[in-house]
Number of protein chains: 2
Amino acid sequence: MSKQAEFAVILKMNAMFADLGADELQRLSNLCHTQHLANGEVLFQKGDPGNALFGVRRGQVRIETGASDGSRLTLNFMGPGDLFGEVAVLDGQSRTADATAGEASELFVLRREDFLGFLEREPKVAIKIIALLCQRIRWQSERMEESMLQPLPVRLARRLCALAADFGSEVHISQEQLGVFVGAARESVNRQLQAWRKDAILDLQRGRILLRNMTKLTAIARNE
Amino acid sequence: MSKQAEFAVILKMNAMFADLGADELQRLSNLCHTQHLANGEVLFQKGDPGNALFGVRRGQVRIETGASDGSRLTLNFMGPGDLFGEVAVLDGQSRTADATAGEASELFVLRREDFLGFLEREPKVAIKIIALLCQRIRWQSERMEESMLQPLPVRLARRLCALAADFGSEVHISQEQLGVFVGAARESVNRQLQAWRKDAILDLQRGRILLRNMTKLTAIARNE
DNA sequence: GGGGAAGTGTGTCATAAGTCACATAACTTT
DNA sequence: AAAGTTATGTGACTTATGACACACTTCCCC
């Protein structure tokens, strides 16, 4: 499979491009480049202009943010098939977090200028993108309000389920980082996890959470 | 001033169209219609397809939602110069609330089909709209997270400031509705308002709040 | 003008979650 | 292996806010 075809598949899996026709997708994929990163190499930093969209071909990219106290918090891991920077490539605003290669990686790169040129040539695609952005706005305002009003166990269960979808039942994350994710104190996170351990929903190890009973966890995430 | 020119002014005041050039704005305004509503007439209801954007020329439109218990909660008042339905016109999704004329009104109407046809003919405008939607997405995710994590006084002060911007220092709203706005219990809202009354920041009447000291209120809204 | 209905003011109580403080336990570095 | 560092576990306390209960007022309608 050609590099372009491979990129098209990744785009198609992302909600933002899922609606595009095969022909549109192919013409868009033809604009892509690839870029190699050594382990630990910095892809972009907070504040850099958002001049491209990236897809992971192989390897791993960590999205992290440097807290004011100098410590680093990992916000996300992007693995093969994951796409990031969709919004940045559209509006060119500066990055809000850092991205570093967690291992030697190869990325697909779609540059902002190329993408905008494409949209200008294909206004029908631009309109589809507009519709998708609108959906995202609606979805965000519904979810956010709902989400933040939920009690901590629900928010925590949701986050764990999301992480499980990416990494399987062994989630590699510290309780401190988990706390940042769900907007809660580390101690509160710990207490809730302990309670779930007693209920055999999960097991805890240093820096690791082993999800034992996803059924119960998703039930909690749905708020009963 | 022609109807179209008047509509162009309203569009220009809205963030979503502020970036458009005078020529683009004029061509867009030429697509508008007008519609008259009698007092109490229903413009659209929750679930209707979002097939147009509206601007208030004169009169008043109430955006309200029927709660499950049958009571009606007013979410917003739109007065002359206000624009609503910007997102609906772009993605055609169904309305999430009802709109009713609070008095005899005249509205500018920009139909979805006309607007989409315009965007297709003018891809540069479509790209500007895309950038604006992206900004909105970023703004939303920043604000939402921040906002919900703020303590009630801050959320309340922010909402009051926003209402003041629309209606001046005499805000006509019940404490119950205010509670819905900021996601808090009526009693909590009342207690906070009482405290502010003691500090001479505002005065309370049945169904009314008189803002006496916007300086202090905005200071609270900024979270000191 | 009498009788609701809606809006408001307040007290009491329960609870979720943050904060602080410290004990352990597990990895790293030298 | 010793020492330091990071992650985790847990208790005590505080605080904000929701929930309930009820009194009081104002408005509206018959």
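- Regarding B/Ile173, its CD1 atom lies at a distance of 15 Å from the C1' atom of C/dA6, rounded to whole Å.
- Between A/Pro153 and A/Arg206, the one whose closest nucleotide on DNA chain C sits nearer the 5' end is A/Pro153.
- Side-chain atoms of B/Arg186 come within donor-acceptor range of the base of C/dG9, with a qualifying N/O pair under 3.5 Å.
- Atom CD in A/Gln177 sits roughly 8 Å away from atom P in D/dA7 (whole-Å rounding).
- Among the atoms of the strands shown, only primed sugar atoms or phosphate atoms (P, OP1, OP2) are found under 4.0 Å from some heavy atom of A/Gly183.
- For the pair A/Arg208 CZ and D/dT8 P, the interatomic distance rounds to 11 Å; values are reported in whole Å.
- Here the C1' atom of nucleotide D/dT15 and the CD atom of B/Gln192 are 14 Å apart, to the nearest Å.
- Side-chain contact annotation: A/Gln135 with A/Arg138, donor-acceptor N/O pair under 3.5 Å absent.
- Look at B/Asn190 and you'll find a side-chain N or O under 4.0 angstrom from OP1 or OP2 of C/dG9.
- Counting non-hydrogen atoms under 4.0 angstrom, B/Gln205 reaches the backbone sugars and phosphates but no base.
- Side-chain to base pairing of A/Arg197 with D/dG9: no donor and acceptor N or O lie closer than 3.5 Å to each other.
- Taking only side-chain atoms of B/Gln194, from C-beta outward, the nucleotide of D/dA12, C/dG9, C/dG11 with the closest atom is C/dG9.
- When each of C/dT8, C/dA25, C/dA17 is scored by its nearest atom to the side-chain atoms of B/Ser174, the top-ranked nucleotide is C/dT8.
- A/Glu187 comes within 4.0 angstrom of a base, heavy atoms only.
- The C1' atoms of five pairs define one axis at each end of the helix from C/dG1-D/dC30 to C/dT30-D/dA1, and these two axes lie 40° apart (to 10°).
- Distance, A/Ile209 CD1 to D/dG9 P: 9 Å, rounded to whole Å.
- Checking A/Arg191 against B/Pro151, the closest nucleotide of DNA chain D that is more toward the 5' end is the one next to A/Arg191.
- Side-chain nitrogen and oxygen atoms of B/Gln175 include at least one within less than 4.0 Å of the OP1 or OP2 phosphate oxygen of C/dG9.
- Spacing between atom NE2 of B/His172 and atom C1' of D/dT26 amounts to 13 Å, rounded to whole angstrom units.
- Smallest separation of non-hydrogen atoms from A/Phe108 and A/Cys32: CD2-SG, 4.1 Å.
- When all heavy atoms are compared, the tightest approach of A/Arg57 to A/Pro80 is O-CB, 3.8 Å.
- Atom-to-atom, CG of B/Leu178 to P of C/dG9 comes out at 12 Å; the value is rounded to the nearest Å.
- What separates CG of A/Leu152 from P of D/dT17 is a distance of 17 Å, to the nearest Å.
- For A/Leu202 against A/Leu160, the heavy-atom pair with the smallest separation is CD2-CD1, 4.2 Å.
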